[in-house]
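Model, not experiment: these values are computed from the prediction. All chains are named by letter (A, B, ...) in the order of the sequence lines, taking the proteins before the strands, and each is independently numbered beginning at 1.
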2 protein chains.
Amino acid sequence: MNSAEPARQGSLRERNLALVARQVIDAAEPLSRADLAAMTGMTRATVSTLVDQLVAAGILTELAPVARSGPGRPAVPLAPAARTIVGLGLEVNVDYLGVRLIDLTGAVVDEIVLAENLRGSPATATLARLGQLTRDIITRAESRDMRVAGAHLALPGLVDTGSGVLRIAPNLGWSGIEPLPLLGLPDGLPTAVGNEAKLAALAQLWGCPAARRTSRTFLYVSGDVGVGAAIVIDGELFGGGHGWSGELGHVTVDPSGPACRCGANGCLERYAGKEVLVDGVGLDIDVPGDVLADRLGAEDDAARAAVDTAGTALGQAMANAVNLLDIDRVLLGGVYTGLVPRLRPAIIAQLESRVLAAPWAPVWIDPAPVADHAALTGGAVTVLRAVVDNPMPWTARQARTVPV
Amino acid sequence: MNSAEPARQGSLRERNLALVARQVIDAAEPLSRADLAAMTGMTRATVSTLVDQLVAAGILTELAPVARSGPGRPAVPLAPAARTIVGLGLEVNVDYLGVRLIDLTGAVVDEIVLAENLRGSPATATLARLGQLTRDIITRAESRDMRVAGAHLALPGLVDTGSGVLRIAPNLGWSGIEPLPLLGLPDGLPTAVGNEAKLAALAQLWGCPAARRTSRTFLYVSGDVGVGAAIVIDGELFGGGHGWSGELGHVTVDPSGPACRCGANGCLERYAGKEVLVDGVGLDIDVPGDVLADRLGAEDDAARAAVDTAGTALGQAMANAVNLLDIDRVLLGGVYTGLVPRLRPAIIAQLESRVLAAPWAPVWIDPAPVADHAALTGGAVTVLRAVVDNPMPWTARQARTVPV
DNA sequence: ACGAATAAGTTCATCGGATATACAAACTAG
DNA sequence: CTAGTTTGTATATCCGATGAACTTATTCGT
């Protein structure tokens with residue numbers, strides 16, 4: 001009933017701790033307390049107490065002072081702490097399942113990825129296996145004195161982020177399950193589920209600190225069997241009412257087009273999905289992404305036709321999205337990553353003719369910087385982001401237990 | 001360079017003043033200080049000082065105590081203050097120009113609307129005339145001791161909200177002008193320009209206090225010569241990178257469809273724009289909305305065909321938007337307002353077949369509650385919203401000058 | 001009619017947290 | 001080795017939320 005919380009005394013600390021933590025973590029190079037004071041406008045005294053709290057919490061560390069150029073006392077450089085607080089990214093997808101552990105510096109601390117065909121696999125057993133892998137990684141991490149801040153599971157389907165229910169994952173053949181309890185993770189470990197494409201999009205933000213400061217608004221389009229998208233606005237994922245935004249694959253490209261397995265017809269997926277792409281050049285659906293890219297990059301008619309059809313359809317769907325959202329940056333992931341140079345001309349042609357604001361707001365099309373299992377990174381990073389955005393609970397206890 | 005501001009001491013007051021002001025203004029019935037304390041979680045003491053400040057600023061007023069049901073001291077009901085602080089909405093559209101003055105209760109305090117054909121009118125002269133009307137209204141308001149918080153101008157075109165430049169308004173025949181200076185409004189009066197459909201969307205939120213508390217997320221689609229849309233998420237307009245979001249009229253319905261004056265082809269506007277609707281039933285483009293609705297409501301083949309084509313195209317474009325945004329409420333405005341019962345079946349049919357999440361998230365289609373010159377209301381309301389969201393500057397001075 | 005009960009609103013001492021100012025620390029330049 | 005410069009810390013102050021006690025205005029029971 002009560003939407004907005006009041007600002008209490010402690011809110012100031014909460015916000016300013018988060019502010020300082022974010023600045024240090026997003027910075028290109030280590031910052032000093034004095035730098036932070038200058039950037040934020042707070043006094044050096046205030047910044048000092050905040051930094052001290054964050055260092056004690058294991059979120060930041062002081063590096064060895066480096067020699068300065070000019071006169072004056074040398075600054076103590078601050079950086080995100082390595083291997084203190086870590087986040088878990090989990091994923092089950094059609095051709096692999098895996099766990100990735102990342103620390104606040106963005107480094108992958110530990111990882112298990114098993115490549116196998118999981119189409120039609122039993123959800124309960126598969127998730128139990130993933131849970132076992134995860135527990136192994138947690139044990140290893142804790143024995144090395146790291147604190148695991150939470151786990152975020154990525155699934156290729158419609159996930160109700162509120163209730164944690166997977167409505168349907170067509171390519172896995174799963175539907176109507178609650179995946180988190182099936183993992184059997186330790187009690188008290190904060191967990192969440194999300195859509196694979198959306199988490200992959202967030203990985204793009206984290207994968208490149210420069211991106212976090214500049215182009216924090218973009219559309220991420222991931223091509224696989226399905227075509228998923230995610231809308232990132234000012235560094236925040238836009239999930240929509242239920243977390244089901246970004247279904248670009250089922251945007252109508254041609255109302256009299258071929259039937260789609262979603263029940264409608266003329267969906268983008270029928271022109272630019274992986275199935276259509278591999279069919280067009282006579283490959284199998286399980287072909288690795290780089291092999292497909294190579295084949296589609298060849299200079300024969302079949303490849304050219306497949307890429308052209310896909311690019312034009314993609315461009316048209318994107319034009320719709322850009323007309324609606326006024327976003328001027330698109331990152332292409334999944335099987336599209338390696339095809340960007342081939343796809344770009346057809347996409348741009350559609351955007352230029354169909355986007356009303358095109359003359360004043362050109363759209364940039366780029367391959368997604370984080371490619372390998374981006375959703376694993378995205379999940380882990382989402383967990384860590386929650387820590388950085390609310391460092392308060394981590395400043396209190398020294399214990400290794402996870403704060404609620 | 002520095003994105004986030006730190007939370008200073010005063011930020012608490014700022015936020016909590018805004019919180020209390022919003023609660024009172026959005027409430028269905030008057031609230032007491034004690035109610036507010038219970039709702040927000042702040043102590044009665046804190047709420048009291050906040051309320052006193054807001055009353056002194058002319059944002060809230062105490063009503064006469066009413067008899068209570070049970071025992072105890074009767075509460076002092078609080079309500080938004082009438083005719084103290086007011087906001088101006090301005091608009092130039094193809095068939096009228098006008099000014100509307102609204103106070104914090106949402107009441108229209110003053111208004112001038114001149115119906116005339118402004119297609120191809122000279123921008124400078126037209127805006128100068130609108131400015132004169134506005135100055136008259138300001139003078140009247142100030143002589144009645146009201147403080148004008150600002151003016152917001154609505155135009156039917158691509159407005160760069162950052163720079164205040166109107167890129168192009170095809171139906172007016174205006175392009176590349178900076179409209180605000182041409183109004184010649186008093187120095188120091190905060191002014192802004194925005195797109196007409198977007199401001200109309202915000203009017204829907206304000207027009208119905210109940211809406212502000214419940215369905216604060218919706219897509220507003222306004223049909224006129226062009227088809228515009230606005231995305232409202234949790235009570236905030238989503239403008240996109242440049243404020244050019246919501247160009248639903250140029251979403252592609254059929255890639256092999258008829259040419260559109262935007263240069264592309266198969267745009268929604270070519271199926272559901274007012275020009276096509278009036279053509280379909282042999283009326284003139286300047287026909288009033290209710291006459292058109294009557295004619296299209298008739299039971300003959302021409303009317304049925306026009307409505308069917310428009311509804312199906314609208315539904316398809318909306319399905320794209322819903323797949324992308326996961327929004328489950330659509331408000332139809334402009335010429336569509338009176339046609340909702342006729343349009344709904346075709347729209348729903350498209351949504352049900354084309355929206356992937358349709359089985360779990362049915363979409364509601366309703367006529368927009370605020371119909372008459374909604375953008376005028378939207379502009380005024382946007383100005384007032386800025387006051388409510390940041391009441392601090394109004395608490396300081398008692399002077400009638402507008403705070404910067 | 002009168003006191004007990006009850007709820008609304010206010011007063012005041014307290015506390016958390018940012019701020020300004022002064023100061024100590026660590027370095028460079030001449 | 002001293003003056004100058006910048007970083008980081010200590011201390012008094014101020015702002016604003018809080019909790020507890022208190023005042024005010026009403027209903028209810030007798």
Check the interface with nucleotides 11-15 of chain D: list each N/O to N/O pair with the protein under 3.5 Å, or write none.
from	atom 1	to	atom 2	distance (Å)
D/dC15	O2	B/Gln9	NE2	3.1

Can you tell me the distance, in whole Å, between the [atom1] atom of [X] and the [atom2] atom of [N]?
X: B/Leu19; N: D/dG16; atom1: CG; atom2: C1'; value: 15 Å
X: A/Gln53; N: C/dA18; atom1: CD; atom2: C1'; value: 13 Å
X: B/Leu50; N: C/dT10; atom1: CG; atom2: P; value: 12 Å
X: A/Leu31; N: D/dT6; atom1: CG; atom2: C1'; value: 16 Å
X: B/Leu36; N: C/dA8; atom1: CG; atom2: C1'; value: 13 Å
X: B/Glu14; N: D/dA17; atom1: CD; atom2: P; value: 11 Å

For A/Arg73, which residues count as a salt bridge (charged side-chain N to carboxylate O under 4.0 Å, His left out) partner, sequence neighbours excluded?
none

Partners passing side chain to side chain donor-acceptor pair (under 3.5 Å) against [X] (at least two apart in sequence or in another chain):
X: B/Arg385; answer: B/Glu236, B/Asp389
X: A/Asn16; answer: none
X: B/Asp110; answer: B/Arg140

Any protein N or O atoms within reach of nucleotides 23-30 of chain C? Criterion: under 3.5 Å, listing atom names and distances.
from	atom 1	to	atom 2	distance (Å)
C/dA26	N3	A/Arg73	N	3.2
C/dC27	O2	A/Gly72	N	3.3

Side-chain N or O of B/Thr46 closer than 4.0 Å to phosphate OP1/OP2 of D/dT18:
yes

Check whether any side-chain heavy atom of A/Val383 lies under 4.5 Å from a side-chain heavy atom of A/Leu88, and answer yes or no.
no

Side chains of A/Gln23 and A/Leu78: closer than 4.5 Å at any heavy-atom pair?
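Side chain of A/Gln23 against side chain of A/Leu78, heavy atoms only: no contact under 4.5 Å found.
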
Does either side chain, that of A/Asp35 or that of A/Ser32, offer a donor lying less than 3.5 Å from an acceptor on the other one?
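There is such a pair (donor and acceptor under 3.5 Å, judged by atom type) between the side chains of A/Asp35 and A/Ser32.
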
A/Thr49 or A/Arg8, whichever maps to the more 5' nucleotide of DNA chain D:
A/Thr49

Which of these nucleotides, C/dA18, D/dG19, C/dT10, is closest to any side-chain atom of A/Asn16?
C/dA18

From the set C/dA18, C/dG9, C/dT10, return the single nucleotide nearest to any side-chain atom of B/Ser48.
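Given the options C/dA18, C/dG9, C/dT10, the side chain of B/Ser48 is closest to C/dT10.
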
Give, for atom OG1 of B/Thr395 and atom CD of B/Gln53, the distance between the pair rounded to the nearest 0.5 Å.
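Separation between the atoms: 5.0 Å.
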
Taking for each residue the nucleotide of DNA chain C with the nearest heavy atom, is it A/Leu12 or B/Val76 whose nucleotide lies nearer the 5' end?
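With A/Leu12 and B/Val76 compared, the 5'-side residue is B/Val76.
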
A/Pro186 and A/Ile138 have their tightest heavy-atom pair at CD-CD1, 4.0 Å

